[in-house]
Amino acid sequence: MSALPGDAEPCVPAPELPTTLAEVASSYLRLGTTAFGGPASHLAMMRSELVMRRGWVSEQELLDFIGGASLLPGPTSTEVALMLARRRKGWAGLIVGGACFILPSMLLVLVLSWAYVSYGTTDAGAGMLFGIKPVVVAIIANAVVGLARTAVKRRLLAVVAGAGLAAYFLGVSPLLILLGAALVVALVENRHRLTRAVPGGAGSAVPMLVTRMHLARHVGSPPSRFARASLASVFLEFLKLGSIVFGSGYVLVSYLHSDLVLGNHWLTQSQLLATVAIGQVTPGPVFTTATSIGYVVGGLPGALLATVAIFLPSFVFVAALMPLLRRARRSPWSASALDGVNVAAVALMTGVTVQLGRTSLVDWLAVLTAVCSLGLLWRWRVNATWLVLGGAAVGLLHVFA
């Protein structure tokens, strides 16, 4: 029986197949060069490229990675990319895949940061983004439909997903939505076990993925008399941010404003906005905003140190989490908690898709680009990379024609 348009094809992990580091490197360089649009877009493109086309892992395992990474500090999509690379090619894959995913964005940010420092402009790429944004909306929408089929396995999970989506639009913190979903699903699905809990054993009845969470409170540093930052202070500042910032790169902006504008006085308000804009108009992780800030305050050495520092904790967290995720499915408590986190993550991606659609589908050309992209994904499963490049071409023609 042929699959209907939009149906997810079954993907089975194939770790027994020979995989080279060159395959990992080429896949991640392609993703790092074309993954515009923020974390939800990155995850959607990983699903398209690494799950649907290459079959590196199943959709369920991808969802578990997304759920686990959502509960960690640092950039969620980058951490999922690291998990996929680690799953496919071990420790070497973790290092090579992570570096190749981050490197293209870092290099583009360096070029734009140099242009900003030298000429005071960050307008590069505006035309391409006009055409890329509708494509990104289509890619995420396609991924949400596929992931929802896998994640929403029971009526309870559908209800939790709906509640999570409503909470997102009410402004509830995404981290609280994820933790709340994990707790609700774990308690409801294991309520019969609560009556059989023995004294002293209550600790084992708490989902592992919830109890190990600690929310770090951020306190701004006292004002500094000197605007010029030392390289050591740049490294330590971004190492701290990479270790405590939950959520997407957009959450990072509030920390940057508190620390670097109000606290250390490394940047002015306008400089912060410019460096954030540079991080947003480039593909790959939004956390490469750190590269731009490092360049502004410390030149090329500052840019390299800031980049290494802000991503280093993610490598460490992923290395520590992978064994825990494998064990999580063996316990009914942690498995149900992980199911709750997964449907909440899909709900959050749905909310992001709606918001991106409101801001990206601004005229008939943008709507047509999104519809055509979605049709190509459903009917012919066109590689998302080609869709992004096609969207960029549409944007350039729109601006310069």
Side-chain angles (χ1 to χ4, degrees), residues 11-33 35 39-106 143 147 150 178 208-209 212-213 239 242-243 246 248-249 284-285 287-288 307-330 334-335 338 341-342 345:
C11 293
V12 179
E16 71 279 5
L17 297 179
T19 302
T20 64
L21 280 178
E23 178 193 355
V24 174
S26 63
S27 298
Y28 276 75
L29 282 172
R30 186 180 302 111
L31 284 170
T33 304
S41 171
H42 304 164
L43 296 174
M45 292 189 71
M46 289 176 207
R47 174 184 176 270
S48 175
E49 174 71 15
L50 305 181
V51 179
M52 303 305 295
R53 292 188 66 249
R54 297 182 180 271
W56 282 14
V57 298
S58 67
E59 291 234 59
Q60 182 60 64
E61 194 165 5
L62 174 65
L63 277 167
D64 288 348
F65 287 167
I66 294 173
S70 298
L71 296 175
L72 293 175
T76 299
S77 57
T78 302
E79 288 166 347
V80 172
L82 296 176
M83 291 177 186
L84 287 167
R86 168 75 174 87
R87 174 72 171 80
R88 189 62 177 175
K89 196 57 179 175
W91 294 105
L94 173 70
I95 303 301
V96 171
C100 289
F101 183 61
I102 296 167
L103 184 63
S105 178
M106 185 194 77
L147 292 173
T150 303
L178 293 164
M208 173 185 61
L209 292 178
R212 298 184 67 89
M213 289 303 302
L239 184 66
S243 302
F246 286 87
S248 71
F287 268 46
T288 48
T307 306
V308 171
I310 202 166
F311 287 107
L312 180 60
S314 293
F315 284 81
V316 176
F317 292 144
V318 167
L321 179 70
M322 289 287 283
L324 298 178
L325 276 179
R326 293 193 188 101
R327 292 198 293 267
R329 282 290 166 194
R330 302 172 190 169
S334 56
L338 194 54
V341 171
N342 289 344

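What you find for Val24 and Ala85 is that their closest heavy atoms are CG1-CB, 4.4 Å. The two atoms that bring Gly93 and Leu21 nearest to each other are N-CD2, 3.8 Å, heavy atoms only. Nearest heavy atom pair, residue Phe317 against residue Gly242, reads CE1-O, 4.1 Å. Contact record, Ser314 with Gly74: OG-CA, 4.2 Å, taken as the closest heavy-atom pair. Contact record, Ala319 with Pro323: O-CD, 3.5 Å, taken as the closest heavy-atom pair. When all heavy atoms of Leu178 and Ala345 are compared, the closest pair comes out as CD2-N, 3.8 Å.
Listed by first then second residue, pairs satisfying salt bridge (Lys or Arg N to Asp or Glu O under 4.0 Å) with a partner in residues 63-82 read Asp64-Arg329, not counting sequence neighbours. Pairs passing the side chain to side chain donor-acceptor pair (under 3.5 Å) check and including a residue from residues 92-102, sequence neighbours excluded, do not occur.
Atom CZ of Phe65 sits about 10.5 Å away from atom CG of Leu338, to the nearest 0.5 Å. Atom CD of residue Glu59 and atom CZ of residue Arg47 lie 4.0 Å apart, to the nearest 0.5 angstrom. For the atom pair Trp56 CH2 and Met46 CE, the distance stands at 10.5 Å (nearest 0.5 Å). One distance of note links CZ of Phe311 with OG1 of Thr78; it measures 5.0 Å at 0.5 Å rounding. Distance check: Lys89 NZ to Leu94 CG gives 13.5 Å after rounding to the nearest 0.5 Å. Distance CG/Leu147 to CG/Leu43: 8.5 Å, rounded to 0.5 Å.
Two residues are said to be in side-chain contact when any heavy atoms from C-beta on lie closer than 4.5 Å; Leu50 and Ser27 meet this criterion. Using a 4.5 Å heavy-atom threshold, the side chains of Val51 and Glu61 count as separate. Proximity of Leu84 to Leu62: side-chain heavy atoms (C-beta onward) are separated by under 4.5 Å at one or more points. Contact of the Phe315 side chain with the Ile95 side chain is registered, since non-hydrogen atoms from C-beta on lie closer than 4.5 Å. Counting only heavy atoms from C-beta outward, the side chains of Arg54 and Arg88 never approach each other to under 4.5 Å.
Here the options are Leu72, Leu71, Leu82, the test is side chain to side chain contact (heavy atoms under 4.5 Å, CB included), and the partner is Leu321; only Leu72 passes.
Side-chain atoms of Ser48 do not come within 3.5 Å of backbone N or O of Ala44 as any donor-acceptor pair.
Taking the side-chain contact (heavy atoms from CB on, under 4.5 Å) definition, one finds that Ser105 meets it with Val109, Thr282, Pro285, Thr288, sequence neighbours left out.
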Please test Asn342 against Gln60 for side-chain contact (heavy atoms from CB on, under 4.5 Å), starting from the C-alpha separation and ending with a verdict. CA-CA 9 Å; Asn342 289 344; Gln60 182 60 64; 3.6 Å; yes
